[in-house]
Amino acid sequence: MYGAFRNSIGFLNDIPDHLYLDLDLSEFHLPHGRIAALREALEILLGHYVMSYDCHVSRRDLPPAKHLCAHYKGADLTRDQREILKKFEAVSQPLGVSFVVYQKPLRLFSDAPIACRGYKF
């Protein structure tokens, strides 16, 4: 599965193997069809990296180091960008997918891993 995600979501190739291969992939959604098109369009429109997540999976039982958001900074979106994201998620969430936007270029937290914003472990 690790290779499938890297083949589908290019920015994952920028994550060093020692971090990437330790991530838990169960919350990720492997994009295809409409979701892949939405995710790619969002990356272009927002100018940041976009990860697709399965809305029905939450692994709060895992240590923070297993989560992408504990290692890499989310993007600081403008109000217009947040509105774009909201419109895209109005389409994706009924299909069970949400999006998280990561800063481009990827930036590690200096003291990674940390707790993800809005995510209580």
Side-chain angles (χ1 to χ4, degrees):
M1 267 320 258
Y2 287 91
F5 278 103
R6 278 187 163 168
N7 288 337
S8 295
I9 303 173
F11 81 88
L12 296 176
N13 291 295
D14 297 337
I15 299 173
D17 283 349
H18 74 277
L19 291 178
Y20 180 70
L21 296 174
D22 196 42
L23 294 175
D24 177 75
L25 306 181
S26 64
E27 291 181 316
F28 295 169
H29 174 83
L30 187 59
H32 58 278
R34 189 164 193 194
I35 295 298
L38 288 169
R39 194 197 67 74
E40 291 167 11
L42 261 179
E43 283 193 338
I44 292 167
L45 289 170
L46 301 179
H48 291 288
Y49 295 123
V50 176
M51 187 65 200
S52 50
Y53 285 85
D54 185 325
C55 289
H56 306 294
V57 179
S58 176
R59 293 301 312 268
R60 294 182 177 152
D61 58 311
L62 296 175
K66 296 290 187 181
H67 297 271
L68 184 62
C69 62
H71 295 282
Y72 289 96
K73 294 182 179 187
D76 290 322
L77 301 178
T78 66
R79 182 165 54 188
D80 288 344
Q81 288 172 318
R82 287 191 305 272
E83 285 300 315
I84 291 168
L85 177 60
K86 185 177 176 180
K87 288 177 182 176
F88 274 67
E89 286 197 320
V91 175
S92 70
Q93 287 183 346
L95 301 172
V97 178
S98 64
F99 298 113
V100 174
V101 184
Y102 290 94
Q103 188 173 337
K104 184 178 184 177
L106 286 174
R107 295 204 43 209
L108 277 169
F109 286 107
S110 58
D111 295 321
I114 66 162
C116 301
R117 184 181 349 166
Y119 210 94
K120 296 186 182 358
F121 293 96

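These figures come from a predicted structure and were not determined experimentally.
Smallest separation of non-hydrogen atoms from Ala70 and Phe109: O-CD1, 3.6 Å. Heavy-atom minimum distance, Tyr72 versus Pro16: OH-CD, 3.4 Å. Minimum heavy-atom separation, Ala90 to Pro94: O-CD, 3.2 Å.
Tyr2 places a side-chain N or O within donor-acceptor distance of the main-chain N or O of Leu23, the cut-off being under 3.5 Å. Judged by distance alone, with hydrogens and angles left aside, the side-chain atoms of Arg39 form no donor-acceptor pair with the main-chain N or O of Ser52 at under 3.5 Å. Under a 3.5 Å cut-off, the side chain of Asp22 and the backbone N or O of His18 do not form any donor-acceptor pair. Panel note: side chain Glu89, backbone Ser98; no donor-acceptor pair is recorded below 3.5 Å. The main-chain N or O of Val50 is found under 3.5 Å from a side-chain atom of Glu43 such that the two form a donor-acceptor pair. Checking side-chain atoms of Ser92 against main-chain N and O of Val97 turns up a donor-acceptor pair under 3.5 Å. Side-chain atoms of Ser8 do not come within 3.5 Å of backbone N or O of Leu30 as any donor-acceptor pair.
Atom OG of residue Ser26 and atom CG of residue Asp54 lie 8.5 Å apart, to the nearest 0.5 angstrom. Rounded to the nearest 0.5 Å, atoms CZ (Arg107) and NZ (Lys73) are 4.0 Å apart. Between the CZ atom in Arg79 and the NZ atom in Lys86 there is a gap of 11.5 Å [rounded to 0.5 Å]. Of the inter-residue distances, the one linking Leu38 atom CG with Lys87 atom NZ reads 14.0 Å to the nearest 0.5 angstrom. With values rounded to the nearest 0.5 angstrom, Phe28 atom CZ is found 6.5 Å from Leu12 atom CG. Summarising the geometry, atom CG belonging to Leu68 is positioned 11.5 Å from atom CG belonging to Asp24; distances are rounded to the nearest 0.5 Å.
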Working for side chain to side chain contact (heavy atoms under 4.5 Å, CB included), residues Ile44 and Glu40: CA-CA 7 Å; Ile44 292 167; Glu40 291 167 11; 5.5 Å; no
Going through the distances and angles, do Gln93 and Phe99 end up as a side chain to side chain contact (heavy atoms under 4.5 Å, CB included)? CA-CA 9 Å; Gln93 287 183 346; Phe99 298 113; over 6 Å; no
Apply side chain to side chain contact (heavy atoms under 4.5 Å, CB included) to the pair Phe11 and Lys104, showing each step before the final yes or no. CA-CA 9 Å; Phe11 81 88; Lys104 184 178 184 177; over 6 Å; no
Would you check, one step at a time, whether the test side chain to side chain contact (heavy atoms under 4.5 Å, CB included) holds for Ile9 with Tyr49? CA-CA 9 Å; Ile9 303 173; Tyr49 295 123; over 6 Å; no
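In the displayed structure, His56 atom NE2 is contacted under 6.0 Å by more than 12 heavy atoms of other residues, nucleotides or ligands.
With a 6.0 Å cutoff to the six-membered ring centre and a 45° limit on the axis angle, Arg6 counts as a cation-pi contact of Tyr20.
If you run side-chain hydrogen bond (donor to acceptor under 3.5 Å, both in side chains) between Glu27 and each of His67, Lys66, Arg59, only His67 comes through.
Two residues are said to be in side-chain contact when any heavy atoms from C-beta on lie closer than 4.5 Å; Arg34 and Val91 meet this criterion.
Residue Ile35 is not grouped with residue Tyr53 when hydrophobic side chains (ILVMFWY) are merged at heavy-atom distances under 4.5 angstrom, including chains of intermediate members. Cluster annotation: Val101 and Leu106 are assigned to distinct hydrophobic clusters (Ile/Leu/Val/Met/Phe/Trp/Tyr, side-chain heavy-atom contacts under 4.5 Å, transitive). Hydrophobic clustering of Ile, Leu, Val, Met, Phe, Trp and Tyr side chains at less than 4.5 Å, counting indirect connections, unites Leu19 with Val100. In the hydrophobic clustering of ILVMFWY residues, with side-chain heavy atoms under 4.5 Å counting as a link, Leu77 and Met51 come out apart.
When only modelled atom types and interatomic distance are considered, Asp80 and Thr78 share no side-chain donor-acceptor pair under 3.5 Å.
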